[in-house]
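Have a look at the structure below, then the notes.
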2 protein chains.
Amino acid sequence: MFRAMHSDDTAVETGAAAIARRLASAILRGQYPPQSLLPGEIELATQFGASRTSVREALKSLSAKGLILSRKKAGTSVRPRADWQMLDRDLLALRLEIGPEHSFATDLLALRQAIEPAAAAAAAQFQDKAAIAVIAGAFAEMEAASHDRKRFVDPDLRFHKAILAASGNEFMMAFGAMIEAGLAAFITISLRHTEAPAPSVPLHHNILKAIEAADPDAARTAMETLLSRTKSNINQDLA
Amino acid sequence: MFRAMHSDDTAVETGAAAIARRLASAILRGQYPPQSLLPGEIELATQFGASRTSVREALKSLSAKGLILSRKKAGTSVRPRADWQMLDRDLLALRLEIGPEHSFATDLLALRQAIEPAAAAAAAQFQDKAAIAVIAGAFAEMEAASHDRKRFVDPDLRFHKAILAASGNEFMMAFGAMIEAGLAAFITISLRHTEAPAPSVPLHHNILKAIEAADPDAARTAMETLLSRTKSNINQDLA
DNA sequence: TAATGCTTTATGTCTGACATAAACGCAATC
DNA sequence: GATTGCGTTTATGTCAGACATAAAGCATTA
């Protein structure tokens, strides 16, 4: 049999988690279109060189994410796209791996434009001092890294997540993965766009100031401004 | 042993799906707080009167929803709330079963106020004729049921889902479950509020007209108006 | 004190078997 | 001919017991 000789190989991964990833990837890429039937569990087990137990655990994961539905005798079929948990962390990460299309980046940005201004306004209203301090801390690190595109990414992400957390709305807090994927897609697509992130620093500062000043409308507007700029950057890079 | 004599009983359900529901419910209710350890798989199996296989498949489901994390030797622990896939269909449904708190309804409504106006505007811009026809169809049924609070719910839900579908944004389409839970929570909380839904019909009509007229701003405004009214209804009922 | 190695333990995987229910085909019937 | 009813088939669902694996905890040692 063919087996990996050393650990850091491109060898075929095994285990339920890997099977789940590979199956999910195949479904996301359209290899198994909605309504179609997956191979039976036994056949999948031989395909992946694993036991039926592991295959079943992998299928359970996909089922929990709304990708598939198993029924006795009928087999396991792919559910319609409308049922997929599109904002699931793992699914978003997978789509980034597969290679984000343009609509992936633009649709995610449109969603950010709906959520984040509302979250910023809510944070300005809610006035959770500890959470606002986290925003301020992230902003300080952004300033410090404002001339290093690579180091900038991490505090930038933390800044936006901290605003979600400060909104006081538990459902808005669930969009961290979406922002992460949105930023990553933006970076992937606009690789040429190597200008330093410095210009966006004052835009972020305006958001922070408005939240600290307990001014919801200003916070909403400032966030809208920042995201509009991101949008025009994307469009510019696609041109 | 105590066993159900007839099928429609309150007997303890068995099977991986039931175990997953009961464990998820326990976690959501705070019986196993974040960072805490769940009982081992073998102990869970005896607790639920099932095999370790079924327990493991149930745990896989919860893991896919971000509720738990299993590590060798260390056991299975509850992840921080920020990692939970709060907008997951099943989790939302579970929280409705458990009994929606007030913050559940109000937080969901705040999210709707962020998403749906944007979706309506996008639908007005995108102009997918077939999808818009679906909205119109749902609206016609709403009109027909405008004096029957019970019959009104279903086309109402379809109306809002159809707008998400017409937005042309695949991520916005993923919020159907959220709207469903939001409506259900509203109904649960405002049971006393038995007035006929007739007053909301013209508000819905305004949204439809704006989308058909390809007027994004009007569509956004009309949706905002409708949701503000819903919000004041909730506040009124809680007073 | 800190590094090392052994033991323990809970999850991870495998195997083979049986249970269950829904789809299918066939036959009897209207 | 269309339909109903009933076994048969088959793929998922569950079970049991065993072994693999890796990380945590402890004891030992430099």
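Predicted, not measured: the structure shown is a model, and the values here were computed from it. Protein chains get the first letters and strands the later ones, always in sequence-line order, with residue 1 at the start of each.
- Under 4.0 Å is where a charged nitrogen must lie from a carboxylate oxygen, and between Glu141(B) and Arg158(B) at least one such pair does.
- Residues His160(A) and Glu116(A) are in side-chain contact: their nearest non-hydrogen atoms beyond the backbone lie under 4.5 Å apart.
- A heavy-atom distance below 4.5 Å is not found between the side chains of Ile179(B) and Ile115(B).
- The side chain of Ser70(A) lies closest to dG13(D), out of dC15(D), dG13(D), dT13(C).
- In terms of phosphate contacts, Thr76(A) brings no side-chain nitrogen or oxygen within less than 4.0 Å of OP1 or OP2 of dA11(D).
- Comparing Gly15(A) and Ala74(A), the nucleotide of DNA chain C nearest to each residue sits closer to the 5' end for Gly15(A).
- In this structure, Leu59(A) places its CG atom 15 Å from P of dA11(D), rounding to the nearest Å.
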Side-chain donor-acceptor pairs of residues 65-72 of chain A under 3.5 Å, sequence neighbours excluded:
from     : atom 1 : to       : atom 2 : distance (Å)
Lys65(A) : NZ     : Asp88(A) : OD1    : 3.1
Lys65(A) : NZ     : Asp88(A) : OD2    : 2.9
Lys65(A) : NZ     : Asp90(A) : OD2    : 3.0
Lys65(A) : NZ     : Ala64(B) : O      : 2.7
Ser70(A) : OG     : Thr76(A) : OG1    : 2.8

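- Both Ala17(A) and Lys73(A) sit near DNA chain C, but only Ala17(A) has its closest nucleotide nearer the 5' end.
- Glu41(B) places its CD atom 8 Å from the C1' atom of dG12(C), with the value rounded to the nearest Å.
- Atom pair Arg71(B):CZ and dT9(C):C1' shows a separation of 14 Å (rounding to whole Å applied).
- Atoms CD (Glu57(B)) and C1' (dT13(C)) sit 13 Å apart, rounded to a whole Å.
- The separation between Leu37(A) atom CG and dA23(C) atom P is 12 Å, rounded to whole Å.
- Separating the NZ atom of Lys60(A) from the P atom of dT12(D) is a distance of 12 Å, rounded to the nearest angstrom.
- For the pair Ser54(A) and dC14(C), the criterion of a side-chain N or O lying under 4.0 Å from OP1 or OP2 is met.
- Between Phe159(A) and Phe139(A), the ring planes are tilted. Angles from 30° to 60° get that label.
- Nucleotides of DNA chain D nearest to Thr53(A) and Arg56(A) differ in position, and the one nearer the 5' end is that of Arg56(A).
- Taking 3.5 Å as the limit, the base of dG17(D) and the side chain of Arg52(B) contain no donor-acceptor pair of atoms between them.
- As rounded to whole Å, 7 Å separates atom P of dA23(D) from atom NZ of Lys72(B).
- One atom, CD1 of Ile42(A), and another, C1' of dT12(D), lie 10 Å apart when rounded to the nearest Å.
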